Structures are given as structure tokens and as C-alpha cells.
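See structure below.
As the structure is a prediction and not an experimental result, all values here were calculated from the model. Whatever order the structure lists them in is the order used to number ligands and atoms, beginning at 1. Just so it is clear, the values below take in all heavy atoms, side chains as well, and ignore hydrogens, waters and symmetry mates.
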Amino acid sequence: MESLSSKQFFASLFILLAISSYINSSLAPTPTPNKVSTEFIKTSCNSTTYKKLCFTSLSTYANLIQTSPELLAMTAINVTLSSAKSTSTMMVNLSKSQGISPKVVAAMKDCVEELSDSVYELKKSIGEMKNNKGSNFQLMINDIQTWVSAALTDETTCSDGFQGKAMNGNVKTLVRAGIVNVAHLTSNALALINRYASLYG
Ligand SMILES: *[C@@H]1O[C@H](CO)[C@@H](O)[C@H](O)[C@H]1NC(C)=O
Ligand SMILES: *[C@@H]1O[C@H](CO)[C@@H](O)[C@H](O)[C@H]1NC(C)=O
Ligand SMILES: *[C@@H]1O[C@H](CO)[C@@H](O)[C@H](O)[C@H]1NC(C)=O
């Protein structure tokens with residue numbers, strides 16, 4: 001049995017990157033970036049752990065976000081959701097490639113399940129943020145913090161499944177890159193939600 005070739009590996013990596021940039025550009029509003037908003041995003045991202053990723057993933061939405069901590073937090077959740085979905089799709093595709101050991105396929109299947117839980121939690125968060133106008137702010141924030149933290153736990157469980165095992169190096173690298181990216185986006189979203197909460201709570 002042959003393992004995943006580097007050709008397949010780079011093809012998948014390329015598709016993953018192409019999809020994430022497609023998502024970024026297709027969701028992005030107008031091309032002229034708003035300077036005040038861009039500064040606002042930079043300052044807000046300063047409170048996150050992965051500042052650079054925070055800024056690059058959100059600055060394309062400057063015109064949508066303006067200087068609203070609520071829209072910033074919501075966009076961060078939306079971006080995280082898109083990334084979780086595309087990573088999951090990539091993993092389903094990869095798990096069907098030739099020559100991947102049943103052990104790796106099993107770990108991938110678990111991971112896809114964790115990611116789907118994570119997508120569910122993120123969707124609930126977006127729904128609550130959209131529909132909670134005027135209701136109990138603190139309750140909404142508590143719910144969202146719980147759900148986004150749960151999403152982060154699911155992603156960590158998934159990437160842990162790819163550690164320490166004798167797994168195909170390429171698949172491991174690819175899966176971990178995707179998952180780590182989603183987990184970092186989730187961590188940043190949580191920090192931005194906390195920031196939003198501290199400004200209005
Ligand atoms: C980011 O935070 C650091 C300290 O935590 C501060 O020195 C720096 O000026 C901040 N940068 C921005 C853009 O707010
Ligand atoms: C986030 O996504 C939801 C659902 O797709 C959408 O209704 C909402 O307008 C988006 N919000 C932002 C700030 O992008
Ligand atoms: C998954 O495979 C399908 C069919 O082969 C393809 O259309 C799709 O672009 C692939 N997606 C990813 C994320 O690799």
C-alpha cells in the first residue's frame with residue numbers, strides 16, 4: 001500500500017488554501033477599506049492570542065464591521081464557522097484518498113464528528129447574537145461563551161487524535177494545519193466576544 005503522495009498532499013493543501021481565500025473574498029463586502037475601521041480591528045485584535053491571524057482574517061470585512069464590537073465578534077464567529085466547514089470537507093475528501101491506513105481514517109472520522117459539533121455550537125452562537133436584540137445581554141454572552149468554548153474543546157480533542165500516533169506524516173501535517181487554524185480562529189473569536197462583553201456588560 002502506498003501512502004498519500006506528496007502530489008496529493010500539495011493538491012489538498014492548495015485546495016484548502018484556495019477555499020479559505022475564496023471564502024474570504026466571496027464574503028467580503030466592498031473593496032475600499034475603511035481606515036478608521038481597520039485601526040479599530042487592529043486595536044481589538046491586540047487582545048487576542050493570535051493577533052496576526054485575527055487581523056488578516058477580519059480586516060477584509062472592515063466596511064461591514066465599522067467600529068462595532070458586536071459586528072466584530074459576530075464576523076469572527078462567521079469566519080470561524082466557514083473555516084471549520086471547509087476543514088471538515090477537506091478531511092472527508094482526504095479520508096477517501098488511496099493508501100490511508102484504517103487507523104488514520106478512523107481518527108479523521110472522529111475529527112469530522114468533533115468539527116461538526118463545533119460547527120453546531122458556532123451556528124447556535126450566531127443565531128443567538130442575531131436574535132437577541134434587547135433581551136438579557138449577560139445571558140446571551142454567557143451562552144455564547146459556553147458554546148464557543150465547547151467548540152474549542154471539540155477542536156482540541158480532534159487535533160489530539162493526531163498526536164503521538166504512527167501516522168502518515170503528510171496527512172497528519174495537513175489535518176493538523178487545518179484544525180490548528182480553526183482552533184486559533186475560535187480562540188480569537190472568544191477573546192473578541194469577551195471584549196464585547198466587557199464593554200457592554
Ligand atoms: C497592544 O498592546 C500592547 C500591550 O499589551 C501595547 O503596548 C500596544 O500599544 C497595543 N497596540 C495596539 C495597536 O493597540
Ligand atoms: C454572520 O452570518 C449570519 C448567518 O449566515 C448572517 O446572517 C450575519 O449577517 C453574519 N454577520 C456578520 C457580521 O457577518
Ligand atoms: C472534495 O471533493 C469534491 C469531489 O471530488 C470536490 O468537488 C471538492 O472541491 C473537494 N473539496 C475539498 C475541500 O477538497
Side-chain angles (χ1 to χ4, degrees), residues 16-90 92 112 114-152 154-155 178 181-201:
L16 178 68
L17 293 174
I19 285 171
S20 42
S21 59
Y22 169 74
I23 286 165
N24 283 341
S25 58
S26 65
L27 294 181
T30 44
T32 37
N34 176 330
K35 236 184 169 164
V36 178
S37 174
T38 303
E39 262 324 294
F40 165 75
I41 295 169
K42 194 172 273 172
T43 309
S44 308
C45 282
N46 207 15
S47 66
T48 67
T49 306
Y50 310 98
K51 301 175 177 38
K52 218 170 162 180
L53 176 67
C54 176
F55 184 73
T56 53
S57 63
L58 294 170
S59 55
T60 17
Y61 306 100
N63 288 341
L64 173 77
I65 294 165
Q66 297 296 320
T67 57
S68 158
E70 182 186 12
L71 287 176
L72 181 66
M74 200 165 169
T75 306
I77 302 174
N78 279 0
V79 167
T80 308
L81 180 64
S82 304
S83 169
K85 280 182 182 165
S86 61
T87 301
S88 175
T89 309
M90 173 205 70
V92 170
V112 167
E114 306 284 353
L115 271 178
S116 129
D117 291 347
S118 167
V119 163
Y120 175 73
E121 308 281 354
L122 294 168
K123 275 188 177 161
K124 266 202 299 199
S125 303
I126 291 168
E128 177 126 0
M129 259 188 138
K130 265 172 67 181
N131 299 325
N132 205 279
K133 303 285 174 225
S135 312
N136 189 329
F137 180 84
Q138 200 51 53
L139 194 66
M140 174 194 78
I141 289 292
N142 290 348
D143 282 348
I144 293 172
Q145 284 166 337
T146 305
W147 295 332
V148 176
S149 303
L152 194 53
D154 290 331
E155 290 147 17
N181 185 54
V182 176
H184 288 182
L185 287 171
T186 308
S187 156
N188 284 347
L190 192 55
L192 295 174
I193 292 160
N194 291 339
R195 186 180 157 85
Y196 169 49
S198 71
L199 290 172
Y200 294 94

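Residue pairs satisfying the disulfide bond (SG atoms under 2.5 Å apart) criterion with at least one member in residues 35-74, sequence neighbours excluded, are listed as follows: C45-C54.
At most 12 heavy atoms of other shown residues, nucleotides or ligands fall within 6.0 angstrom of atom NZ in K123. Remark: Y120 OH is loosely packed, at most 12 non-hydrogen atoms of other residues, nucleotides or ligands lying under 6.0 Å away.
Nearest heavy atom pair, residue A151 against residue S118, reads CB-OG, 3.6 Å. Nearest heavy atoms, F40 versus Q66: CD2-O, 3.5 Å.
By the criterion of a heavy-atom distance under 4.0 Å, neither the backbone nor the side chain of I65 is placed next to ligand 2. Only the side chain of L64 comes within 4.0 Å of ligand 2, counting heavy atoms alone; its backbone N, CA, C and O stay farther away.
Remark: ligand 2 atoms within the under-4.0 Å shell around heavy atoms of K130 are 7 (O).
The aromatic rings of F137 and Y196 sit perpendicular to each other, their planes meeting at more than 60°, with 30° as the lower class boundary.
With a 4.5 Å cut-off on side-chain heavy atoms, S88 and V119 do not count as touching.
When heavy-atom distances to ligand 1 are checked against 4.0 Å, the residues falling inside are T43, N46, ordered by chain and number.
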